[in-house]
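Take a look at the structure set out below.
In each ligand, atom 1 is the first atom listed, and ligand 1 is the first ligand listed.
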Amino acid sequence: MPRVEFAPGAAGARALDAADELGDLRRRFELPRERGRTLTYLCGHSLGLMPRAARRAVDTELTRWATHAVDGHFPDERHGGWLDYHTQFAAPLAALVGAQRGEVVAMNTLTVNLHLMLATFFRPSTKRYKILIERDAFSSDRYAVESQLRWHGLDPKDALLEIGPRDGGFELDSDRYYTLLKTEGERIALVLLPGVQYLSGERLDLSAYASWAQAYGCRVGFDLAHAIGNVELSLHAGDADFAVWCSYKYLNAGPGSLGGAFVHERYAETLERPRFAGWWGHNKETRFLMGPDFRPIPGAEGWQLSNPPILSTAPLIASLDIFRRAGIGRLRAKSIELTGFLARLVEARLAGRVAIVTPREPGARGNQLSLRIVGGAANGRRVFEWLEAAGAICDWREPDLIRAGPTPLYNTFTEVFRFVELLEQIVAYRAERP
Ligand SMILES: Cc1ncc(COP(=O)(O)O)c(C=O)c1O
């Protein structure tokens, strides 16, 4: 988008909105309202807004169910049929994660996919049996990893390694990662890291993390819950072994919608790694012969278990269509501007009262800023509650962080400006009346 001189005022925000060539996309979303006002929604990192076309996409499937019943599975002149419904997502998802079509599949939900990937890629031996994760890993990832270790008869106290942030801050300590690989690399079977860290908003250089670990013979997987649809990714070239994601955050597919997985092409035909199998992963030509031998579809599709939930998947069509029109490159460029605007306003107007714990460098973060209100967690929590009451929706993460993420698909610079004004008023009011 064209550059407009930074002017930290309402007029500057309006000028940026006027110059925003993606501004029209906002009209494609339902904007949440309360008591007659449109809320300032900066919470797409938790649940993305509903694309207006989602209703029609779901309705199409309901109508098909009503009119075709079991025949709805099969293609006709108006509909591709439900048997191969999930395959329409491969190309757009591959574009978002930087993969080949056969490397991605829309299936299940994130933690389920993580377990499926761990079943294949975590094959502990007596020599190599440890898993390395980040200390602040999302709880479900930790539970999944610890339960896998136990399931293999291993004790997480010995077999789970963690790297924390640098110097008591929030950025992952990449030096420590490298040192740990040097000392423990030959005992580490698998590394699991996030694309964008959910708490701090830090974006990791996935190719670098993958190649360091692979140099020691470790398998590497990524949790892209906060990365897909938020930042550009290049999983294939970056050589990740696998990745998993959900689609209800940046992909705006609705609560509990279908997640996805990436499996690198080099495993497309391999049968030597075990997997948990189900009929939807079986060769499509012979699936309905119901034979006893499992023959997987080559590529990521071969990790599917069940036929997908069509009704909760349909909104993904509407959302991915918007991504296709806008292009992740242009969205990311706007996102950098939008979040940069938020960061500069907070720094200019709230210095010493609100700290940004997310990395300053735009390339090292996604759209989210994690804010810590000076004056303690209880004060921070009250500020968050007042923001909500005033119609600004972000979220609170223990122990003391407010996460605010302006989304290039539907947020405006004016909203960001209003959010900071509101935050400033609330912080000042609380400072006067603690
Ligand atoms: C980083 C991260 N990992 C995993 C999950 C769990 O996702 P699911 O409930 O789809 O398994 C979430 C959910 O918000 C998440 O943010």
Heavy atom of the protein closest to [atom] (residue, atom name, distance):
| atom | answer |
| --- | --- |
| atom 14 (O) of ligand 1 | Lys249 NZ, 2.9 Å |
| atom 16 (O) of ligand 1 | His226 NE2, 3.0 Å |
| atom 11 (O) of ligand 1 | Thr111 OG1, 2.5 Å |
| atom 5 (C) of ligand 1 | Phe138 CE2, 3.3 Å |
| atom 9 (O) of ligand 1 | Tyr248 OH, 3.4 Å |

Heavy-atom neighbours of Arg123 CZ exceed 12 at 6.0 Å =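 Enclosed: over 12 neighbouring heavy atoms sit under 6.0 Å from CZ of Arg123.
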Glu186 atom CD, over 12 foreign heavy atoms within 6.0 Å |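 At most 12 heavy atoms, drawn from other residues, nucleotides or ligands, come within 6.0 Å of this atom.
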Do Thr109 and Tyr248 come within less than 4.5 Å of each other through their side chains, counting heavy atoms only?
->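 With C-beta onward as the side chain, the pair stays apart.
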Proximity of Phe122 and His152 rings by center, below 6.0 Å |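 Yes, they do, as the ring centres are separated by less than 6.0 Å.
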Looking at Phe242 versus Tyr267, is the centre-to-centre ring distance below 6.0 Å?
->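 That pair fails the under 6.0 Å test.
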What do we get for Asp141 next to ligand 1 when only non-hydrogen atoms under 4.0 Å count, side chain, backbone, both or neither?
->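 Answer for Asp141: side chain.
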Ligand 1-proximal atoms of Asp223, by part, heavy-atom distance under 4.0 Å =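 It is the side chain that gets close, since no backbone atom is under 4.0 Å.
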Trace of the salt bridge (charged side-chain N to carboxylate O under 4.0 Å, His left out) decision for Glu415 with Arg418 = CA-CA 5 Å; Glu415 282 183 298; Arg418 273 201 249 111; 5.6 Å; no
